[in-house]
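Report on one structure; see the data block that follows.
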Amino acid sequence: MFLDFTSEVESLLKAALERRGFNVYMEGVNSLALETSPHADLASSVAFRLAPVLKKSPVAIASEIHKALSKSFDLVDRVELKGPYLNFFINRKFLSSVVKQAQVGDPWKGKMAGSVIVEHTSANPDGPLHVGHIRNSVIGDTLVRILRKAGCTVDAEYYVNDMGRQTAMVVWGIDHFKLDGSKADHAIAKVYIAANKEAEKNPLVAQEVAALIQHYESGDDPAVAKKFVWAAEYAIGGILETLRRMNISHDSFHWESEFVRDGSVYEIIKNLEKTGLTVREEGAFQLDLSRFGFDKKMVLKRANGTTLYITRDLAYHRWKAAHSEREVDILGSDHKLISAQLRTALKLMDIREPEVVIFEFVSLPTGSMSTRRGKFISADELLDEVEKQAFIEVTKRRPEETEDFRHEVARQVAQGAVRYDVVKVSADKATVFDWTAALDFDKLSAPFIQYSHARACSILRKAGTPAQFNSDLLTGENEIALIKKISEFDSVIERAARDLKPHQLATYARELAESFNIFYRYSPVIDAETEVKDARLALVNASRNALRETLDTLGIPALETM
RNA sequence: GGGCGCGUGGCCUAGUCAGGAUAAGGCGGCAGCCUCCUAAGCUGUAGAUCGGGGGUUCGAAUCCCUCCGCGCCCGCCA
C-alpha cells in the first residue's frame, strides 16, 4: 500500500543523493523533504535544503539528483523534474496491486509491535458520563483501535477512583439520601449533588467525609469499605452501560485502593523520600519540585496521614510501566499541571513516563459543566436525542421498512454520529456543545461515511464480487483517485498511531467516502460492459473493505443497508 | 500575576509538530442534477489581509519575539 510506495521513493532518493555525494542532510525526520502534493503522488523539495550547503541553485541541484536517479522502478511510474521539485508518480502495477490486495483480509494491518496500555475515561464514580467525558472515551477508544490496527497489543484500562473525596461524598450521600431507582450512575449523581449542597451549608459534612476517607484507607472498618466498593461498582455499572452504547469497552480495571492495599503507595512515598526533595509542612508530606519549574509543592500525604489521588496514581503508573512497553493516558486539560508533576516525579524514581494526550474542554453555551452542581448534558441524553433524530431520518428515507429495522439503523447511525462528531476535532481545540450540530447528519458526519459503505454493499449485493478482473481497465480519473485513497489507509494509521492523533483518521474517513461517492456518481458499475464491470466491481469491493476497516477503526458501525 | 493550550471566509473545522509550488472541507447563501447501482449523494458559484505587529528564510497559516482575545490550571479535590 502507500507505505510501500513511500519507502521505494525514499530509497531511490537516498541512493541518488549518495551517488552525487549529497549526503549532507540525511539525518532527522523527513530529511528527504517528502510530502503529498497536488502536483505529484509524492514530491520532494530536498533541493532547497541542499542549496545553501552546496552553494548551487535548487533548480540545478534538483536536476542533478534527477539525473542520478536509478531507472529501475517497482511501484514508481516516473519522476518528473519541475524546477526545484522532484515529483514522483505511482505506476499501474501499484494501482493494480492495491485493488488486488484490498479484495480480501486486512492488508492495512500495520507492522508496529509491542504492548501498549491505554488508560481512558476513568471518570469518577460520582455520576453519569457527560458530553465532556465522552471526548476522553472516544479519543481513548479510537486510539486503542488505531494502535491495534497498527499492530500493537493493546490493553484498554479504566482507573477507578474509589478512594477520593468525590467517592466519599457519594458514600455519605447514599447514607443520607435515597437512591431513586433511576439508571445507576444518574441515581448516584442525584445523591452526590444533594450531598454537595448539604456540605455547603453544614461544615460537619466535610468532617464526616474526611472520617470516611480515613476509615476506607486504613481498612479498619469493613462496613465502610463495603459501602465504598458498592457505591463505586454501582456507579461504574451505569457508566459502562453508556460506554457500551458508544461501542466502547475496557479490557481491565484497576482500583486506586488496590495500590494502597498492596503497599505500593507507601513504597512510592519511601522512594520519593530518597530523592531528598520531600518536606513536611504543616503536617502534610510534600514533594518539592521547584527545581523543575513547579512553584507549588506536590502533596503526597495529608496531615491526617491519608494519601491523595496523585500519590496513588504514581503507584498505578509504576505498575503500568512494568506491565507494558508503551503507555498512554487520555486526560482533560484540567490535568495538564498535575500530569506534568506526575511525570517529573516518575522521572525522579527512574520510572518510564506515560505519553499523555490532553484534550481541551467541552463547554455548554451557558458555560462550563459541573457534575457536582448538576450542570451537564449526560451522554445518555445525547445518545437518546441523536437516536430519536436518526429514527426520523431513517423513516423519511425507508418508510416501507419495519420499525425494528428503522430502530436498529437509527441506533447504529446515532452511535456513529456521536463518535464521529467528537473524534473529528483535534484534541487541542476547545469546543462548545451544540445541539443543532449534534443532530445534523450531513457531509462532515458519520452517516456520510456509513452511507458510502452501504452504497458499496448494495452494489455488491446485486452483482457480487468478480472471481477474475483486470484492474488495468480502471483508468478514469475518479477511479485512480479512489484507489490512491484506499492505499493511503496504512500511512494514515501509522501516523495517527505514532502521533496519537485520532482526528487524522476521521479526516481520512471523510476523504475516502468522498472519493467513493464521486466514483459512484461517474462510473456506472452494474450497467458497464462485462470486463469493465468486473474491474469496477473489484474496486467497489476494495472500497467497501477499506470503508469497513476505517469505520471499524473509528468504532463506527459499518451498516450494510440504511 | 504565572504556566500551558487555542485564534484559519458569516459560523464550525483540516492543514501547523517535520516551512515549499493556486490556503482545503463542511454548515449557511445562491444556481443546477433522481426515466440512471440507496439524493444521508453529486456539480457549479460567491465568500479568507490564516487574531495584530515585528523577525528568520530564496520561501511562513506553519519557526522565533511581542501584543491582543478566549479556554484550562496555579486545592492537604480529582
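Here is the naming used below: chain letters follow the sequence lines, and residue numbers restart at 1 for every chain. Any value given below was found using the heavy atoms of this structure, including those in side chains, with hydrogens, waters and symmetry copies removed.
For A:R165, a side-chain nitrogen or oxygen approaches OP1 or OP2 of B:C77 to under 4.0 Å. Contact annotation: A:R455 side-chain N/O to B:A39 OP1/OP2 distance is under 4.0 Å. Between A:R521 and the phosphate of B:G41, there is no side-chain N or O to OP1/OP2 separation shorter than 4.0 Å. Here A:H39 does not reach the OP1 or OP2 of B:U22: none of its side-chain N or O atoms lies under 4.0 Å away. Remark: A:Y309 is not in phosphate contact with B:C76, judged by side-chain N or O atoms under 4.0 Å from OP1 or OP2. Dashed line: the shortest gap from a side-chain N or O of A:K424 to OP1 or OP2 of B:G25 is not under 4.0 Å.
Note: CH2 (A:W435) to C1' (B:C12) measures 18 Å, nearest angstrom. Protein atom CG of A:D295 is 11 Å distant from nucleotide atom C1' of B:G1, rounded to whole Å. As a whole-Å value, the separation of A:E360 CD from B:G3 C1' is 13 Å. If you measure from atom NZ of A:K429 to atom P of B:G71, you get 16 Å, rounded to the nearest angstrom. If you take CG of A:D313 and P of B:C76, they are 17 Å apart, rounded to a whole angstrom. Computed from coordinates, the A:R495 CZ to B:U16 C1' distance equals 10 Å when rounded to whole Å. Atoms CE (A:M298) and C1' (B:C74) sit 15 Å apart, rounded to a whole Å.
As rounded to the nearest Å, B:G32 and B:C72 have C1' atoms that lie 47 Å from one another. B:C36 and B:G44: their P atoms are spaced 24 Å apart (whole Å).
Between A:Y309 and A:Y159, the two ring planes are tilted [angle within 30° to 60°]. Aromatic ring orientation, A:Y316 versus A:H254: tilted (interplanar angle from 30° to 60°).
Under the side chain to side chain donor-acceptor pair (under 3.5 Å) criterion, A:T142 pairs with A:R419, sequence neighbours left out.
Put simply, A:F48 does not rest on the base of B:G59: the two rings are not both less than 5.5 Å apart at their centres and under 30° in tilt.
A ring-centre distance under 6.0 Å is not found for A:H39 and A:Y85.
A:N304 places a side-chain heavy atom less than 4.5 Å from the side chain of A:Q214.
Pairing of B:U45, defined by two Watson-Crick or G-U wobble distances under 3.5 Å, is identified with B:G29.
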